[in-house]
Colleague: 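Mind looking over this structure? Questions follow.
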Amino acid sequence: MQQIEEIISGSVTEAIQSLYGRVCSPDQVQLQKTRREFEGDITLVVFPLLKISRKTPEQTASDIGEYLVRNHHEIKQYSIIKGFLNLVVHDSYYLKTLNNISSDKSYGIKTGADNGSGLHTGPYGGDMMHTGAEDQEPEIFMVEYSSPNTNKPLHLGHIRNNLLGYSVCNILKATGRRVIKTNLVNDRGIHICKSMLAWLRHGKGETPQSSGKKGDHLVGEYYVKFEQEYRSQISELIAGGQTQEDAERNAPLILEAQEMLRKWEAGDPEIMKLWRTMNEWVYEGFDETYRKLGVDFDKVYYESETWLKGKEIVLDGVKNQLFFKHHDGSVWVDLKPEGLDEKILLRSDGTSVYITQDIGTAQLRQEEYSPDKMIYVVGNEQNYHFKVLSIILEKLGFPWARSLHHLSYGMVELPEGRMKSREGIVVDADDLIAEMIQTAREMSRELGKLDGLPEGEKENICRIIGMGALKYYILKVDPVKNMTFNPRESIDFDGNTGAFIQYTYARIRSVFRKAEELGIAKPRNVSERIVLNRKEKNMLLLVHDFPSVIEDAARAYNPSLIANFTYELVREYNQFYHDFSILREKNTEKRNFRMALSEVVARVVRNNMGLLGIEMPERM
RNA sequence: GGUUCCGUAGCUCAGUUGGAUAGAGCAACAGCCUUCUAAGCUGUGGGUCGCGCGUUCGAAUCGCGCCGGAAUCACCA
């Protein structure tokens, strides 16, 4: 409600000045949307002003209401309920807004997000956002997301990560920031050695080509095989009298894997060759999953290329006495002054740990891109890690240390509880995607709505619906919260779902196809004298708010705000669609208005869903 | 045990600078298609906003203390 709120807020200040001869502070002028059950669009809460007016709430509200109606033609009338001054904004104001929006193809979107989801691009035409900031260099955001290990395929947790990261990037772009999407692939370490070892022992030369398996799944199978074998070795050792801990440390398989890691770090040609080969298989698999998910990256970092960098920085830190060495040669940082514990930075054998590598990568990113802000989309299980990382970078004196932001998101749980990869209770990303699309196919066949369309088009629509359902189901939830993934519910197409939103869009498109059939031209401009009904006004209010919702979502790194806003808008539209005719409206001015309104709603819906990475079907 | 996060209808979730009688969807039940797409719309029932105290004209929202759940505190990543 940016514009009108600014107008009203300004005139309330005026009113107070003129009525009571006092200046009030901006935070005393509290405006909000009028609740549904009362007449009005915007409500002024008068309680904070009573100290100034020294009158009753009713009298104060009445004074101000009177002033506003007299001095501002946008305000049509007012009513007072308790301490709430409800203001009715003139319909013509909203109609004017509609005309502005209609002619501004990039309404609410400052810079086109070139994500291939049909976002309207172009310069921002309106003047509702960021006034005065247009000349400044845009801020650069580097957003890291996905960051998989290369020993197994992507699962449901990665899906939330990828969708969140990708969507946040779109939203940031839409508010005019420059964004560099980045992925940090954990391609080295003990985990991949486990897969490699199991493959050497049992693989018999199996390749994706020879087996017809997707590369990441193939490698993942060997990882599972390793874990199984390792566990049975542990059991044997425990049966032989060892403690759990000793058994885990002494099992021959783990020793062999560790030996392999040492060889890798020493650059053993045989091991390197196998490592490259198996990682290549995984990348081909990942690429396919990313493509299906519709996410991509501008820059990919590999841990194997950055891990040494962190080591250098840490060793410098030792020289400068920021860190210290234990007798065994391991390097630590003391975080007790910060209320934390000591944290290891280099192992006693000199090899680097996870956080070492992250220090190096951060520095590398600064050298290459000098971003204003570095966002890490990483699960909340790593909250501690990122807290420590920030403190260490600050200790090291990097001026950009404070530009790190951990976009922490909650776990995805199944109705039965947490996913456990060791017990095979995981939702595989590829399986899930296939299942969603399959359900969309079955649903479409049942409803028969796509009958008669070419097979390819049908398939594409089902893909759009299935993926939309999945993406919406995940993105509508506030990132900070743990969420339950209920497979049955996720493929639901009723209610607050992606399909419901897509359906609304398809309906509007259908109206316009019909209009074309009937020879009804799209209106260019809408009369500003029309009397609006409740539904129409509600929608205009929402559309009017749209740019500020995107700003909020960008500020909070929270796509769910956009999802929920869009849901509210389409719910309103469906009620309107049910209660009123568009093309059959006899009054031409009204018909034109409703067409223009529908067109704008469709556009906002499409743009918003594009920010979530969700495509819109022309029919469904 | 320390730290951080979460707790709203049977279930999944909204509710964001503190504002009016806390909202949706799912599930259940009852209705609405000769019409621009019924993947829709309408209605009914369903709440100690985890509990308590405090701040305030006003608290789901802020503070403190409990209770419950999750994560984390590794020479794993």
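Atoms considered below: every heavy atom in the structure, side chains included; atoms not considered: hydrogens, waters and symmetry mates. Chain identifiers are assigned alphabetically (A, B, ...) following the order of the sequence lines, protein sequences preceding nucleic acid strands; residue numbering begins at 1 within each chain.
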Colleague: Can you find a heavy atom in the side chain of V601(A) that is under 4.5 Å from one in the side chain of L569(A)?
Modeller: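 When only atoms from C-beta onward are counted, L569(A) and V601(A) do touch, with a gap below 4.5 Å.
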
Colleague: In whole Å, what separates the C1' atom of G7(B) from that of C11(B)?
Modeller: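 After rounding to an integer number of Å, I get 15 Å for this pair.
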
Colleague: Would you indicate which nucleotide in A77(B), U37(B), A24(B) comes nearest to any side-chain atom of R513(A)?
Modeller: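 The nucleotide sitting nearest to the side chain is U37(B).
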
Colleague: Do N608(A) and T566(A) pair up side chain to side chain, a donor and an acceptor below 3.5 Å, judged on atom types alone?
Modeller: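 Their side chains do contain a donor-acceptor pair, which is all the 3.5 Å distance test asks for.
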
Colleague: If you restrict it to nitrogen or oxygen atoms, what contacts under 3.5 Å exist between nucleotides 69-74 of chain B and the protein, and what is each distance?
Modeller:
residue	atom	partner	partner atom	Å
A70(B)	O2'	N482(A)	ND2	3.4
A71(B)	OP1	R418(A)	NH1	2.9
A71(B)	O2'	N380(A)	O	3.4

Colleague: Could you state the atom-to-atom distance from CE of M616(A) to C1' of U37(B) in whole Å?
Modeller: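 The distance from CE of M616(A) to C1' of U37(B) comes to 16 Å, rounded to the nearest Å.
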
Colleague: Using a 90° cut-off around 0 for syn, call C33(B) syn or anti.
Modeller: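 Chi for C33(B) falls in the syn range.
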
Colleague: Using the ring centroid of each side chain, check whether Y567(A) and F500(A) are separated by less than 6.0 Å.
Modeller: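 Ring-ring flag for Y567(A)/F500(A): true, centres closer than 6.0 Å.
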
Colleague: Angle between ring planes, Y473(A) versus F485(A), binned at 30° and 60°: parallel, tilted or perpendicular?
Modeller: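 Perpendicular: the ring planes of Y473(A) and F485(A) meet at over 60°.
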
Colleague: Which part of the nucleic acid does S444(A) contact within heavy-atom distance under 4.0 Å: base, sugar-phosphate only, or nothing?
Modeller: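 It contacts base atoms.
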
Colleague: Quote, to the nearest angstrom, the C1' distance that separates G46(B) from G10(B).
Modeller: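 These two C1' atoms come out 9 Å apart once rounded.
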
Colleague: Going by atom types alone, do N279(A) and T150(A) pair a side-chain donor with an acceptor below 3.5 Å?
Modeller: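 A pair is found: one side chain offers a donor N or O, the other an acceptor, under 3.5 Å apart.
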
Colleague: Using a 3.5 Å limit on both pairing distances, list the dot-bracket string of RNA chain B from the 5' end; Watson-Crick and G-U wobble pairs count, crossing pairs take [ ], interstrand pairs take |.
Modeller: (((((((..((((.....[...)))).(((((.......))))).....(((((..]....))))))))))))....

Colleague: Between A77(B) atom P and L346(A) atom CG, what is the distance in whole Å?
Modeller: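 From L346(A) CG to A77(B) P: 12 Å.
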
Colleague: If you check the N496(A) side chain, which of C36(B), G25(B), G40(B) turns out closest?
Modeller: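 My answer, after comparing the listed nucleotides, is G25(B).
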
Colleague: Mind checking the C1' distance from A20(B) to A60(B)? Whole angstroms is fine.
Modeller: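 So the two C1' atoms sit 15 Å from each other.
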
Colleague: Would you mind reading off the distance between I501(A) atom CD1 and U37(B) atom P, rounded to a whole angstrom?
Modeller: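 Spelled out: CD1 on I501(A) to P on U37(B) is 20 Å.
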
Colleague: Measure the acute angle between the ring planes of H326(A) and W332(A), then classify it against the limits of 30° and 60° as parallel, tilted or perpendicular.
Modeller: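 Plane angle under 30°, so parallel.
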
Colleague: Verify, without hydrogens or angle tests, whether H155(A) (side chain) and K152(A) (backbone) share a donor-acceptor contact under 3.5 angstrom.
Modeller: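 No.
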
Colleague: When the aromatic ring centroids of Y376(A) and H405(A) are compared, is their separation below 6.0 Å?
Modeller: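 Not close enough - the centres of the two rings lie 6.0 Å or further apart.
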
Colleague: For atom P, what is the distance between U44(B) and G25(B), given to the nearest Å?
Modeller: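 Result for the P pair: 12 Å, nearest Å.
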
Colleague: Report yes if the side chains of N486(A) and D492(A) come closer than 4.5 Å at any heavy-atom pair, otherwise no.
Modeller: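 A side-chain contact is absent here, since even the closest heavy-atom pair is not under 4.5 Å.
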
Colleague: With a 4.0 Å cut-off on heavy atoms, is S330(A) in touch with a base, just the backbone sugar-phosphate, or nothing at all?
Modeller: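 Answer is base: heavy atoms of S330(A) come under 4.0 Å of a base.
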
Colleague: Round to the nearest Å and state the distance from Y409(A) atom OH to C13(B) atom C1'.
Modeller: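 Spelled out: OH on Y409(A) to C1' on C13(B) is 20 Å.
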
Colleague: Below 3.5 Å between N/O atoms, which protein atoms pair up with nucleotides 18-20 of chain B? Just atom names and distances, please.
Modeller:
residue	atom	partner	partner atom	Å
G19(B)	N7	Q30(A)	OE1	2.9
A20(B)	OP2	R35(A)	NH1	3.1
A20(B)	N6	T43(A)	OG1	2.9
A20(B)	N6	N86(A)	OD1	3.1
A20(B)	N1	N86(A)	OD1	3.3
A20(B)	N1	N86(A)	ND2	3.4

Colleague: For H578(A) and R584(A), find the nucleotide of RNA chain B closest to each by heavy atoms; which residue's nucleotide sits nearer the 5' end?
Modeller: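 Checking each residue's closest nucleotide, the 5'-ward one belongs to R584(A).
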
Colleague: Before giving the answer on ring-ring contact (aromatic ring centres under 6.0 Å, His included), spell out for F576(A) and Y573(A) the whole-Å C-alpha distance, their side-chain angles and the decisive distance to 0.1 Å.
Modeller: CA-CA 5 Å; F576(A) 159 78; Y573(A) 188 87; 5.4 Å; yes

Colleague: Using a heavy-atom cut-off of under 4.0 Å over every strand shown, decide if D478(A) touches base, sugar-phosphate, or nothing.
Modeller: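 It contacts sugar-phosphate atoms only.
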
Colleague: Sticking with atom P, work out how far A74(B) lies from G19(B), rounded to a whole angstrom.
Modeller: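 One P to the other, the span is 41 Å.
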
Colleague: Can you tell me how far P of G58(B) sits from NZ of K51(A), to the nearest Å?
Modeller: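 After rounding, the reported distance stands at 12 Å.
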
Colleague: Would you kindly compare K476(A) and K387(A) by the position of their nearest RNA chain B nucleotide and give the one closer to the 5′ end?
Modeller: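 In this pair, the answer is K387(A).
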
Colleague: For I550(A) and U16(B), give me the distance from atom CD1 to atom C1', rounded to whole Å.
Modeller: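 Nearest whole value for this atom pair: 17 Å.
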
Colleague: G25(B), A14(B), C41(B): which one has an atom nearest the side-chain heavy atoms of Y567(A)?
Modeller: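 Of G25(B), A14(B), C41(B), G25(B) is nearest to the side chain of Y567(A).
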
Colleague: Using a heavy-atom cut-off of under 4.0 Å over every strand shown, decide if L340(A) touches base, sugar-phosphate, or nothing.
Modeller: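 Result for L340(A) = nothing.
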
Colleague: To the side chain of L561(A), which of C26(B), U16(B), U37(B) is closest?
Modeller: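 Ranking C26(B), U16(B), U37(B) by closest atom to the L561(A) side chain puts U16(B) first.
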
Colleague: Does the Lys NZ or Arg CZ of R188(A) fall within the cation-pi geometry relative to W275(A) - under 6.0 Å from the ring centre and within 45° of the axis?
Modeller: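 No, R188(A) does not lie over the aromatic ring of W275(A).
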
Colleague: Rounded to whole Å, please give me the gap between CZ in F512(A) and P in C36(B).
Modeller: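 Those two atoms, CZ and P, are 16 Å apart.
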
Colleague: Looking only at atom P, what distance separates A22(B) and A27(B), rounded to whole Å?
Modeller: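 My reading of the P atoms in A22(B) and A27(B) gives 26 Å.
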
Colleague: Hey, does the side chain of R571(A) come within less than 4.0 Å of G25(B)'s phosphate (OP1/OP2), counting only N and O?
Modeller: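 False: R571(A) side-chain N/O out of range (4.0 Å or more) of G25(B) OP1/OP2.
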
Colleague: Taking OH from Y503(A) and P from C36(B), how many angstroms apart are they, rounded to a whole number?
Modeller: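 Atom OH in Y503(A) sits about 12 Å away from atom P in C36(B).
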
Colleague: Say we look at G63(B) and A28(B): how far apart would their P atoms be, to the nearest angstrom?
Modeller: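 About 41 Å, rounded to a whole number of Å.
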
Colleague: Which part of the nucleic acid does N149(A) contact within heavy-atom distance under 4.0 Å: base, sugar-phosphate only, or nothing?
Modeller: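 Since only primed, P, OP1 and OP2 atoms lie under 4.0 Å of N149(A), the category is sugar-phosphate.
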
Colleague: Choose from G40(B), C26(B), A77(B) the nucleotide whose nearest atom is closest to any side-chain atom of H191(A).
Modeller: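 Closest nucleotide to the H191(A) side chain: A77(B).
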
Colleague: Rounded to whole angstrom, note down the P distance from U61(B) over to U8(B).
Modeller: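 The answer is 14 Å between these two P atoms.
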
Colleague: Report the C-alpha separation of Q382(A) and Y354(A) in whole Å, then their side-chain angles, then the decisive distance to 0.1 Å, and conclude whether the side-chain hydrogen bond (donor to acceptor under 3.5 Å, both in side chains) test is met.
Modeller: CA-CA 11 Å; Q382(A) 292 189 33; Y354(A) 183 49; 2.9 Å; yes

Colleague: As a quick check of understanding, evaluate side-chain hydrogen bond (donor to acceptor under 3.5 Å, both in side chains) for E536(A) and N533(A), giving each step before the final call.
Modeller: CA-CA 5 Å; E536(A) 292 166 341; N533(A) 66 47; 3.2 Å; yes

Colleague: Report which part of the nucleic acid F500(A) touches: base, sugar-phosphate, or nothing (heavy-atom distance under 4.0 Å, all strands).
Modeller: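 Result for F500(A) = sugar-phosphate.
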
Colleague: Is the closest side-chain heavy-atom distance between I465(A) and M436(A) below 4.5 Å?
Modeller: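 No, side chains not in contact.
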
